[in-house]
Number of protein chains: 2
Amino acid sequence: MKDEKKRGRPRAFDAKATLAKARDVFWDRGFAAASLDNLSAATNLNRPSLYGAFGDKEDLYLDTLEGYRQDGMDALALALDPSLPLRDNLARVYEGALAVYLHGETAARGCLLIGTATVEAVERERVREVLGRSLSDFDGEIEKRIRLAVESGELSESADPQMLARLASAVMHSLAVRARAGDSRETLEAIARSGVELICGSARS
Amino acid sequence: MKDEKKRGRPRAFDAKATLAKARDVFWDRGFAAASLDNLSAATNLNRPSLYGAFGDKEDLYLDTLEGYRQDGMDALALALDPSLPLRDNLARVYEGALAVYLHGETAARGCLLIGTATVEAVERERVREVLGRSLSDFDGEIEKRIRLAVESGELSESADPQMLARLASAVMHSLAVRARAGDSRETLEAIARSGVELICGSARS
DNA sequence: AGAATTTAATGCGAAGTGGTACAAAATATG
DNA sequence: CATATTTTGTACCACTTCGCATTAAATTCT
């Protein structure tokens, strides 16, 4: 399914690597301020090639968002390994997030979705859709793990998994915003720790 | 101090009202996508007048952010009236925020700072500064109120006011992002309620 | 009234924008 | 080898961008 030799001239670039480079441009500058020239320079593709492969700027942006979302969900599934205590799971989720959020040139980049898609969401329906879906998928995955924690007795029966999950996500959202606002790693790690504590407050392990 | 008659031709516009109109443009479109033509049309000021009164686009944007920040802090101080229980205080804070966040044309606008300044914060130091200061001032104001709640016995002695305040803010940040992502008023209100519950969980009143 | 000073309005200009037309190049097929 | 097909690179287009230079208007000071 991958070696179907296509007819014409073969591509001289790897689509996935190109998307990763474009994503970095969007991550630093945001969608609106990222010009096709910026993207063209970063990907080493001239504009017509970029356009031919990914469509217009919004299409390209949506592709990078979708890839980022998928990567995030994969990492989340790994961090939520149900053989570990919920407390460890959440700590791993936040730790992984901070490793991504704090990596930046001039300043920390935070989360690509929260940092750059949130602005465009109001006037671009497709962006709003991806952002909304990303957030609720994230909530849902955590909710599943919390539901398990209630069943296993890790959390009290009276806990509301959906709401606890949304609050766990809220801490993530806050980390994403605060990273971009310039907060120190120490501050962010402290917030993550209190978040874990608050959610797992009634946990026994 | 207000009727010092200045020498030349008097201004034909009110600076505060103009800033409010410019703010609405930035709120919907973000800084980068808001053109001077947009701003000029919305404020009924031609570009040179805009420029003369407020400086360049970034100066104007920073002015609107600063005004928004100030309004927010004023509203926060009112909502945190210490003669009411902390639980009511937080409920009022979130209620007031949602009233602002959910007001939009095509889609909810969320928070001006979190929704539009977060993108620009990475590459514009002055924006990052305002955003960071706004977030930490907000934290600080809530922390003061929570400290009071500990002293009055409303919260347990073991509570960490700084961390609880940061978590209370985290819920706000999440509301801001989720509003722009298209979440329903019902969902947001439910999150706000759980936020209050989580923070005041050990409260007696 | 006349000079000085500030604001308003028109319009320009250099640079940058997203997107595309077109021809050259590279590959598969017949 | 010739043809069809796809990608690449150059150049270009119409449009928008921000900022400013310049002139006209409105007010205060002398």
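The shown structure was predicted, so the numbers you read here are calculated from the model rather than taken from an experiment. We name chains A, B, ... by the order of the sequence lines, and we start the count at 1 in each one. Because only heavy atoms are used, hydrogens play no part in the values below, and waters and symmetry mates are left out as well, while side chains stay in.
Between A/F54 atom CZ and C/dG19 atom C1' there is a gap of 17 Å when expressed in whole angstrom units. Note: OH (A/Y61) to P (C/dG18) measures 14 Å, nearest angstrom. If you take CG of B/D37 and C1' of D/dC15, they are 12 Å apart, rounded to a whole angstrom. A/L36 has its CG atom 15 Å from the C1' atom of D/dT17, to the nearest Å. Going from atom CG of A/L45 over to atom C1' of C/dG19 covers 16 Å, rounded to whole Å. The nearest whole Å value for the distance from the CZ atom in A/R47 to the P atom in D/dT8 is 16 Å. In this structure, B/R11 places its CZ atom 16 Å from C1' of D/dA25, rounding to the nearest Å. Going from atom CG of B/L39 over to atom C1' of D/dG19 covers 14 Å, rounded to whole Å.
An OP1 or OP2 oxygen of C/dT6 is reached within less than 4.0 angstrom by no side-chain nitrogen or oxygen of B/R7. Side-chain nitrogen and oxygen atoms of B/N46 include at least one within less than 4.0 Å of the OP1 or OP2 phosphate oxygen of C/dA9. The side chain of B/S35 contributes no N or O atom lying less than 4.0 Å from OP1 or OP2 of D/dT16.
Atoms CZ and CG, on A/F54 and A/L45 in that order, are 7.0 Å from each other to the nearest 0.5 Å.
Comparing atom distances between the A/S49 side chain and each of D/dT17, D/dT8, C/dA8 picks out D/dT8 as nearest. With D/dT10, D/dT17, D/dG19 as the choices, the nucleotide that has an atom nearest any side-chain atom of B/Y51 turns out to be D/dG19. Side chain of B/R9, nearest nucleotide from C/dT7, D/dC29, C/dA24: C/dT7. Closest to the side chain of A/P48, out of C/dT20, C/dA26, D/dG19, is C/dT20.
Across all strands shown, A/A34 has heavy atoms under 4.0 Å from sugar-phosphate atoms exclusively, and none from any base. Using a 4.0 Å heavy-atom distance criterion, B/A53 is classed as making no nucleic acid contact.
Side-chain atoms of A/S40 and A/D37 include no donor-acceptor pair closer than 3.5 Å. Inspection of the A/D137 and A/S134 side chains reveals no N or O donor paired with an N or O acceptor under 3.5 Å. Checking B/S169 against B/D139 by side-chain atom types alone, a donor-acceptor pair falls below 3.5 Å.
The residue among B/E58 and A/N44 whose nearest nucleotide of DNA chain D is located toward the 5' end is A/N44. Sequence order on DNA chain D of the closest nucleotides to A/G52 and B/D56 puts A/G52 first from the 5' end. Position along DNA chain C of the nearest nucleotide to B/G8 versus B/F13 favours B/G8 as the more 5'-ward residue.
Salt bridge status for A/K144 with A/E141: present, with a side-chain N to carboxylate O gap under 4.0 Å.
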